[in-house]
2 protein chains.
Amino acid sequence: MTARVGRKKTTIYDVAAAVDASVSTVSLVLNGDWSRYRIKEETSERILKTARELGYKVNLRARGLRLSKSGLAGMILPHYRNRFFADLAETFELGVRKRNLCPIVVSTQRDVEVELKVASTLLAQRVEFLFIAGVADPAALNRMCDEASVPCVNVDLPGTGAPSVVSDNRAGALLVTQKLIDKVRATGKSANDMLFLGGVAGEYATDNRIAGFLEALRQAGVDPRSDMVSCCGYRPENSSSAFRAYVERHGKLPSGLFISSITTFEGVVRYSVSTATALDCAVGCFDWDPFAADLPFTVAMLRQDVESMMEIAFNSLTTERQLARDILLVPPILERA
Amino acid sequence: MTARVGRKKTTIYDVAAAVDASVSTVSLVLNGDWSRYRIKEETSERILKTARELGYKVNLRARGLRLSKSGLAGMILPHYRNRFFADLAETFELGVRKRNLCPIVVSTQRDVEVELKVASTLLAQRVEFLFIAGVADPAALNRMCDEASVPCVNVDLPGTGAPSVVSDNRAGALLVTQKLIDKVRATGKSANDMLFLGGVAGEYATDNRIAGFLEALRQAGVDPRSDMVSCCGYRPENSSSAFRAYVERHGKLPSGLFISSITTFEGVVRYSVSTATALDCAVGCFDWDPFAADLPFTVAMLRQDVESMMEIAFNSLTTERQLARDILLVPPILERA
DNA sequence: GATCGTTGCTAAATCTATTTAGCATCAGGC
DNA sequence: GCCTGATGCTAAATAGATTTAGCAACGATC
């Protein structure tokens, strides 16, 4: 078989000409409702056979144009490089395929320009709905969707212009911190030396996680101090040096360590490896990664409940729910404790 | 701003009616060559202004139909859950956007049915080219592309129906194994006790990696034995138990361990953690992961050169190169040694 | 006064598929 | 002989763009 780059594709017109029928008949037959339109079985068989012989494949873009629906569903997310976003993408694809649509997932590397450009491309492609995940400010994208009359939903980070499905950061952090406190006290240490590491103050997720962390401390009778929280951003280098600074300042490890994201965790491990410091303290992490889960010390990991989140997100695409614009909280799952 | 789900979109006809001009004029103006067609600047400005006011956005599917090109570029890959595939997807998207197309990346979970179905959907959407990554047998997909006259390229695993871009598994394995042997001998141990772990015998990548592994041994004067290679598949559980079996059989760790994939690595780490066995041997891995790179022992990691691979893949889409159907080998990068 | 050139547009074809209204034919009933 | 209903299709409109050929009007040129 030789490559036939550039050859023209078979259309229903070609099929119609070949069987000497009208395009309408061909269309009806190929779409399966020839009996409803009283087309003879023999005719329909001839058409089907010829279509197969000519290698006819429907042009979904022409169909989409006629029907004014594209068969495409879009999702925007920052990247695929951690399990949360990878799972989001795969779960989205699965759900979209189940609805007989074709998924378009595009990563934007957290670049606002790219986010805007990608969104407008997807809307110009007339996606039937758009999932917006991990975008710092979804408002602008929500507005674009609104103008294009395309239903959309915010995932992971909430926005006011559409329904939002978000992990219950506060409840999750509360839960893990309680576990950590139990463990700290079980080993005879003090919950006064706990540390929250990572994230960016002022960010939705970080603020809620901190709130949960502090609440658990208060519930345990600990009075939170400002040096119990170190928002050092997401880059491993930053958490590495922030953690080092903490240890040097206090002359010891914290008794319990709450790590706010997987990349923050990376930095902590890097510190531990490079300084040959065993992480001899209770550790919890708001994120999950198979490698991190196999590290030589126990980590209480919170895995975001991607499946539930996506199911809820798909359900929020109906008109009424589009208008409601709720923030729907999904509790994360404690993976290991 | 209220949601306007279902509202009709503005077309060039609406704009034409609003400014009392013909659709052709509107199209000409909106496509930027109004001066070539001698349309008055004033007219063009009126059209532009009105289009903006009406919120006109081009319908790429209509344009695509007319121009018989979709503006879409497709890629299918197994999943996003390791850095190699995640990087492939992101690099693909970048390259596609640079060419002013819209990327459609779809994961298939290594399910042949899904691969076929997704490929035919993408072809029916008239993607302008298709990247096929990590598919065990690309031949069928290559044939579909050929029939649809869509250029395609196989990445990661080669196929005979299109050009293929593949990591140089053999050369990479050779290099890492040499490093391992050096390290083994430097610590006074014997290169006779090395182990290749993971992969599936008969698979392209595995076979080539084993070939490189064995060649390095021979070059170092070691006579390979069959118990130096354990193809236990990709699942962490399998490599965990295979490694355990090896250690029990020999009563000690191998002197040097060549791990064939990141999930195999996961299993080894899991074994090491669960049995509290320090991995006190030279370790190399044909794959890269940030967490694995930070483990408390040095691992020589081979990172596939995704950027080069994708650049070569994009270049292989021209007609001549489509016909050539070469296998293009890209050396992987030694990440840490 | 015929021709030419320029200006500023527009009509119409095209891309491929869907879908509704309706045409043509024939048998059967009254 | 006329009407009805069934049968088996087809014509034509439609979806929303792009693009080429060419029209109309007017001044300039020979």
Side-chain angles (χ1 to χ4, degrees), chain A residues 6-47 51 54-72 121 123-126 128 148-149, chain B residues 6-47 51 54-72 121 123-126 128 148-149:
Chain A
R7 208 200 24 165
K8 288 230 351 133
K9 281 124 194 164
T10 309
T11 71
I12 48 172
Y13 291 87
D14 302 326
V15 178
V19 301
D20 201 31
S22 73
V23 279
S24 354
T25 310
V26 174
S27 171
L28 292 173
V29 168
L30 292 177
N31 284 292
D33 38 30
W34 52 271
S35 62
R36 191 162 70 75
Y37 277 91
R38 306 169 325 202
I39 289 163
K40 254 199 293 188
E41 184 144 8
E42 189 262 330
T43 312
S44 113
E45 273 167 7
R46 241 177 47 242
I47 290 175
L54 295 181
Y56 172 79
K57 295 273 156 45
V58 67
N59 184 334
L60 289 180
R61 330 203 85 240
R63 170 184 289 171
L65 181 59
R66 179 67 244 271
L67 300 180
S68 9
K69 44 188 192 145
S70 61
L72 261 22
T121 306
L123 293 174
Q125 288 283 357
R126 299 292 191 263
E128 301 189 12
S149 316
Chain B
R7 209 199 26 165
K8 289 237 341 141
K9 281 123 194 164
T10 308
T11 71
I12 47 172
Y13 291 87
D14 302 328
V15 178
V19 300
D20 202 31
S22 72
V23 278
S24 354
T25 310
V26 175
S27 171
L28 257 14
V29 168
L30 291 178
N31 283 293
D33 38 29
W34 53 271
S35 62
R36 191 162 71 74
Y37 278 90
R38 307 170 324 206
I39 289 164
K40 253 199 293 189
E41 185 143 9
E42 190 262 330
T43 312
S44 114
E45 273 167 8
R46 241 176 46 244
I47 290 175
L54 295 181
Y56 172 79
K57 295 274 154 46
V58 66
N59 184 333
L60 288 180
R61 329 202 86 241
R63 170 184 290 172
L65 183 58
R66 180 65 245 271
L67 299 180
S68 22
K69 44 187 192 146
S70 61
L72 260 24
T121 306
L123 292 175
Q125 287 284 357
R126 299 292 191 262
E128 300 189 12
S149 317

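So that the names make sense, note that chain A is the first sequence line, chain B the second, and so on, each numbered from 1. Note that the coordinates shown come from a computational prediction; the quantities given were computed from them, not determined experimentally.
At a threshold of 4.0 angstrom between heavy atoms, the contacts of Val26(A) with the nucleic acid are absent. Looking at heavy-atom distances under 4.0 Å, Lys57(A) makes contact with sugar-phosphate atoms alone, never a base.
The nearest pair of heavy atoms linking Val23(A) to Ala16(A) is N-CB, 3.8 Å. Across every non-hydrogen atom of Tyr56(B) and Leu30(B), the tightest pair is CE2-CD1, 3.5 Å. Pairing each heavy atom of Ile12(B) with each of Ser27(B), the nearest pair is CD1-CB, 4.5 Å. Residue Val58(A) comes nearest to Arg63(A) through the heavy atom pair CG2-NH2, 3.5 Å, listed as atom of the first residue, atom of the second, then distance.
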Is there a side chain to side chain contact (heavy atoms under 4.5 Å, CB included) between Ile39(B) and Thr25(B)? Walk through the geometry before answering. CA-CA 8 Å; Ile39(B) 289 164; Thr25(B) 310; 3.9 Å; yes

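Rounding to whole angstrom units, OH of residue Tyr13(B) and C1' of dA17(D) are separated by 7 Å. Straight-line distance from the NZ atom of Lys69(B) to the C1' atom of dA17(D): 14 Å, rounded to whole Å. With rounding to whole Å, Ile39(B) atom CD1 is found 13 Å from dT18(D) atom P. Taking atom CD of Glu42(A) as the reference point, atom P of dG8(D) lies 11 Å away to the nearest angstrom. Atom pair Arg126(B):CZ and dA17(C):C1' shows a separation of 11 Å (rounding to whole Å applied). We find that CD1 of Ile12(B) is positioned 5 Å from P of dA17(D), with the value rounded to whole Å. Between the NZ atom of Lys9(B) and the C1' atom of dG16(D) there is a distance of 12 Å, given to the nearest Å. Between the P atom of dT19(D) and the CG atom of Leu65(B) lies a distance of 13 Å, rounded to the nearest Å.
Close to dA17(D), at under 4.0 Å from its OP1 or OP2, lies a side-chain N or O of Tyr56(B). In this structure, Thr43(B) reaches the dC9(C) phosphate: one of its side-chain N or O atoms is under 4.0 Å from OP1 or OP2. Dashed line: the shortest gap from a side-chain N or O of Ser22(A) to OP1 or OP2 of dT10(D) is under 4.0 Å.
Judged by closest nucleotide on DNA chain C, Ala21(B) is the one of Ala62(B) and Ala21(B) placed further toward the 5' end.
For the atom pair Leu60(B) CG and Leu67(B) CG, the distance stands at 10.0 Å (nearest 0.5 Å). Note that CG of Asn59(A) and OG1 of Thr10(A) are 11.5 Å apart. Values are rounded to the nearest 0.5 Å. Within the model, atoms CD1 of Ile47(A) and CG of Asp20(A) stand 10.5 Å from one another, a figure rounded to the nearest 0.5 Å.
Defining each end axis of the helix from dG1(C)-dC30(D) to dC30(C)-dG1(D) as the rotation carrying four pairs' C1' atoms onto the next four, with five pairs an end, the two axes are found to diverge by 90° to 10 degrees.
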Nucleotides 19-27 of chain C: protein proximity per nucleotide (B base, S sugar-phosphate only, - neither; heavy atom, under 4.0 Å): BB-------

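Considering only heavy atoms from C-beta on, Gln125(B) comes within 4.5 Å of Arg61(B) through its side chain.
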